[in-house]
Amino acid sequence: MESEQLFHRGYYRNSYNSITSASSDEELLDGAGVIMDFQTSEDDNLLDGDTAVGTHYTMTNGGSISSSTHLLDLLDEPIPGVGTYDDFHTIDWVRERCKDRERHRRINSKKKESAWEMTKSLYDAWSGWLVVTLTGLASGALAGLIDIAADWMTDLKEGICLSALWYNHEQCCWGSNETTFEERDKCPQWKTWAELIIGQAEGPGSYIMNYIMYIFWALSFAFLAVSLVKVFAPYACGSGIPEIKTILSGFIIRGYLGKWTLMIKTITLVLAVASGLSLGKEGPLVHVACCCGNIFSYLFPKYSTNEAKKREVLSAASAAGVSVAFGAPIGGVLFSLEEVSYYFPLKTLWRSFFAALVAAFVLRSINPFGNSRLVLFYVEYHTPWYLFELFPFILLGVFGGLWGAFFIRANIAWCRRRKSTRFGKYPVLEVIVVAAITAVAAFPNPYTRLNTSELIKELFTDCGPLEASSLCDYRNDMNASKIVDDIPDRPAGLGVYSAIWQLCLALMFKIIMTVFTFGIKVPSGLFIPSMAIGAIAGRIVGIAVEQLAYYHHDWFIFKEWCEVGADCITPGLYAMVGAAACLGGVTRMTVSLVVIVFELTGGLEYIVPLMAAVMTSKWVGDAFGREGIYEAHIRLNGYPFLDAKEEFTHTTLAADVMRPRRSDPPLAVLTQDNMTVDDIENMINETSYNGFPVIMSKESQRLVGFALRRDLTIAIESARKKQEGIVGSSRVCFAQHTPSLPAESPRPLKLRSILDMSPFTVTDHTPMEIVVDIFRKLGLRQCLVTHNGRLLGIITKKDILRHMAQTANQDPASIMFN
């Protein structure tokens, strides 16, 4: 019965007809129903915990893949069914840890035998640091490459540098002697498309031509990105963080962190950002870094053969990804700890710290933005904040929480509609439509035409004497009685009021387009669009408070701090606080988010405003629903993920959740010495369970152990090939001693070595609250339920998730990978 399945993995023969093929190419890209139409080799298949070194066997799930198959063979003869979401299964954390302890003991026992064994021991001890070093180096280099390429291609939509085609707009005008302070971005070396095509730099004709070329390049980049994803690596779409969280919880997603996914994600991320879509590169950079960590872990047997150890590398890699995305190494470590990691021992903390350090160092060496900073929107403020400003900061926190709650509900509703209607079968068309609407609506407004990172930079920047932005178009008031600062608060000029209207339109545009953009089939991060929305709202609030303080400086809340001519309000600070609040409202991050944002600003002075806004946004968001956007997408895709933050408060018992129920067929079990090879093969072929409890006899029902389906299949096939006399009527023995058999009986098959003699068991009266905690903290796949030593049933992770869904009045059928 489906609900009894222990994460069915398809390791049984004659199962080709059980796989339903996608009916069109478009279906290959449907969210959680991705079918890889590009096959992966053993090297790519790094997350497949079932491929042991030196083992050659065939798995069948609508096709077959040999562990010795090479990438070129797969290109020539693609095998249907391999790499589908239906192939997901969960690692056995307890078993993997036992394997690692045994490996460690074996190495320690041999290291004094010879110099070679001592060298191998040292290599094993240092392999963890080597793999995170390589991961940090690759992550930093790829992030620098992505930043440089995205900047160049973003400017390509507006024009080209004739003196050096590889220069973006800013670099093109660096060496020019003909720029002016007011028009510092104009130089003869940079030509707009209107100048090149029709020879006009100004006028309606020039505007229309630039408009058309902007839309053309945006659509070209978006089409190329979605086409590459669709043809070569469907897993390269989206943010990647929900899947990374699922993988780190112990799930296997073949090919998700492979070489092809890495290559296509890197290329298409540049194209997606350059197309002007309302998305960011920060979330996908975590996916890129985890791909690097996964690939490098394959070079070291300590990690390539142990899935639990590999996830320690992936935790460190996610820290490196955030480190290069925001230039925040400490924030990256905290992000890995708070947001994505499921198992985070102390040595993983150290290695995450080191990986983030190496990645940040490499990115700083590349210097992709030419400002000696790790990020484009690094700013420093010199004015302190005042106590009365906590009120507008908290208001920004409320706005961030409301935005987060609205975005999660709207985006999940749209993604669910995409999955359940024909619209989801045309991902290329959807991307083209979204890109066209974005380009058409974005070009007329200078704030939406800007690259989102450039927009955030402008909104964060304080108005100094060298700023020529319309946001800094203040009127100089010469009647101030006292000049306290070089640039005191001043009345807003026409440019500021015009900018506010444009920012209000940009805010509405970003809110609407981000809802429809996150989840389309191109790499799409959420950090930067959320920060942009918060920064726009924050800058508007900051200007409003600044003008209020200027015109009403005698009010009691301003009187103590805001003297006439004093510089007491920094609108850029409000933009920064708003950005943190909106990002916190969407992701529900707290500690790591505050650290990331204050690392961006280079100052510790603004931690309290950030903490107040982020906590407020989390409380407001939690009032509408406790899930962040990543948890919501995990639930939407039906991944079996037990969230450690989710509370289980119901008073049910293990007997209420275990399978089989009274109306179900009896539990499929093996006896320790009463079954033949044919009996076991028939049970494997007739059922779809991932494993079978082994009992002493049908009468006693006393539990002996637990045997995995895959281990049984491989052991029987190996015995048929290598042991003489093993036939279908051979008795299978799981006991320590073989029972006496008639002389004419065929040779028995001993399988005690594959039996888990210590499966985790609970009694039927164990509260489910304790069972859920056991599953979370030990990373179990299943546990057996007994009564006075007699086997009653089994509880799997899926059973727990279905039960939790039922108690929350949700559809339990959604926990089926959809």
Side-chain angles (χ1 to χ4, degrees), residues 49 91-108 111 121-137 139-140 241 244-251 257 286 289-290 292-294 296-297 299-324 326 328-361 589-596 599 641-645 773-780:
I91 70 169
D92 189 333
W93 286 91
V94 177
R95 185 180 181 183
E96 295 294 306
R97 289 174 199 155
C98 290
K99 275 171 53 180
D100 185 61
R101 282 196 294 269
E102 181 61 32
R103 178 197 59 78
H104 192 64
R105 279 194 292 266
R106 188 169 62 251
I107 289 173
N108 276 343
K111 69 180 181 181
S121 171
L122 291 173
Y123 174 75
D124 181 80
W126 274 95
S127 60
W129 295 101
L130 285 174
V131 71
V132 297
T133 302
L134 291 171
T135 301
L137 291 170
S139 301
I241 292 180
I244 298 296
K245 283 172 69 84
T246 308
I247 289 169
L248 288 176
S249 75
F251 227 53
L257 301 178
V286 176
C290 285
C292 296
N294 185 50
F296 286 125
S297 69
L299 302 174
F300 302 89
K302 178 179 179 179
Y303 296 100
S304 63
T305 59
N306 192 297
E307 290 296 323
K309 296 293 290 180
K310 189 179 292 179
R311 274 149 183 76
E312 295 179 17
V313 175
L314 297 182
S315 291
S318 62
V322 174
S323 172
V324 293
F326 289 105
I330 306 297
V333 176
L334 292 174
F335 173 82
S336 178
L337 174 62
E338 179 183 0
E339 187 62 22
V340 297
S341 293
Y342 198 82
Y343 173 62
F344 203 83
L346 189 59
K347 63 183 174 183
T348 303
L349 177 71
W350 300 333
R351 287 174 182 164
S352 299
F353 181 80
F354 186 69
L357 165 69
V358 172
F361 172 77
M589 294 190 303
T590 51
V591 180
S592 57
L593 177 58
V594 170
V595 173
I596 286 170
E599 282 188 271
F641 176 77
L642 273 174
D643 192 354
K645 302 169 190 171
D773 268 348
I774 290 169
F775 267 79
R776 281 177 179 154
K777 292 173 181 175
L778 293 183
L780 298 182

Atom CH2 of Trp129 with >12 non-hydrogen neighbours under 6.0 angstrom = yes
Does Phe300 CZ have over 12 foreign heavy atoms under 6.0 Å away?
-> yes
Looking only at heavy atoms, the pair that brings Leu337 and Phe344 closest together is CD1-CD2, 3.4 Å
What's the spacing between Ile241 CD1 and Glu339 CD if we round to 0.5 Å?
-> 7.5 Å
At what distance, to the nearest 0.5 angstrom, does OG of Ser127 lie from CG of Leu134?
-> 11.0 Å
Nearest-0.5 Å distance that lies between atom OG in Ser352 and atom NZ in Lys347 | 12.5 Å
Side chain proximity check, Met589 to Phe335, heavy atoms < 4.5 angstrom | yes
For the residue pair Leu357 and Pro329, establish whether any side-chain heavy-atom pair is separated by less than 4.5 Å.
-> no
If you look at every heavy atom in Ala289 and Thr135, which pair is closest and at what distance?
-> O-CG2, 3.8 Å
Considering all heavy atoms, the nearest Thr305-Glu96 contact | O-OE1, 4.2 Å
Are Asp100 and Arg97 within salt-bridge range, i.e. N to O under 4.0 Å?
-> no
Could you check Thr590 against Val594 for side-chain contact (heavy atoms from CB on, under 4.5 Å), going step by step and ending with a plain yes or no?
-> CA-CA 6 Å; Thr590 51; Val594 170; over 6 Å; no
What closest approach, in Å, do Ala355 and Ala316 show between heavy atoms, and which atom pair accounts for it?
-> CB-O, 3.8 Å
Tell me, do Trp93 and Leu778 make a side-chain contact under 4.5 Å, heavy atoms counted?
-> no
Do Val358 and Leu137 have side chains that get closer than 4.5 Å, going by heavy atoms?
-> yes
Can you tell if the side chain of Tyr342 reaches within under 4.5 Å of the side chain of Phe641, non-hydrogen atoms only?
-> yes
Contact summary for Ser323 and Ala360, nearest pair of heavy atoms = OG-CB, 3.5 Å
Counting distance only, does the side-chain N/O of Glu338 pair as donor-acceptor with the main-chain N or O of Ser592 below 3.5 Å?
-> yes
Salt-bridge present (Glu102, Lys99; N to O < 4.0 Å) = no
Value for CG (Leu130) from OG (Ser297), rounded to nearest 0.5 Å, stands at 13.0 Å
What pair of heavy atoms forms the shortest contact from Arg351 to Ala125, and how long is it?
-> NH2-O, 4.3 Å
Atom pair OG (Ser249) and CZ (Arg776), whose distance is rounded to the nearest 0.5 Å | 12.0 Å
Let me see the working for Ile330 and Phe353 under side-chain contact (heavy atoms from CB on, under 4.5 Å), right down to the final yes or no.
-> CA-CA 7 Å; Ile330 306 297; Phe353 181 80; 3.4 Å; yes
Does the side chain of Ser336 come within less than 4.5 Å of Val322's, by heavy atoms?
-> no
Would you say the side chain of Ile774 lies within less than 4.5 Å of the side chain of Leu780, judging by non-hydrogen atoms?
-> yes
Can you check whether Ile596 reaches Leu334 side chain to side chain, under 4.5 Å on heavy atoms?
-> no
Quick one: NZ on Lys302 to CZ on Arg103, what's the gap to the nearest 0.5 Å?
-> 5.5 Å
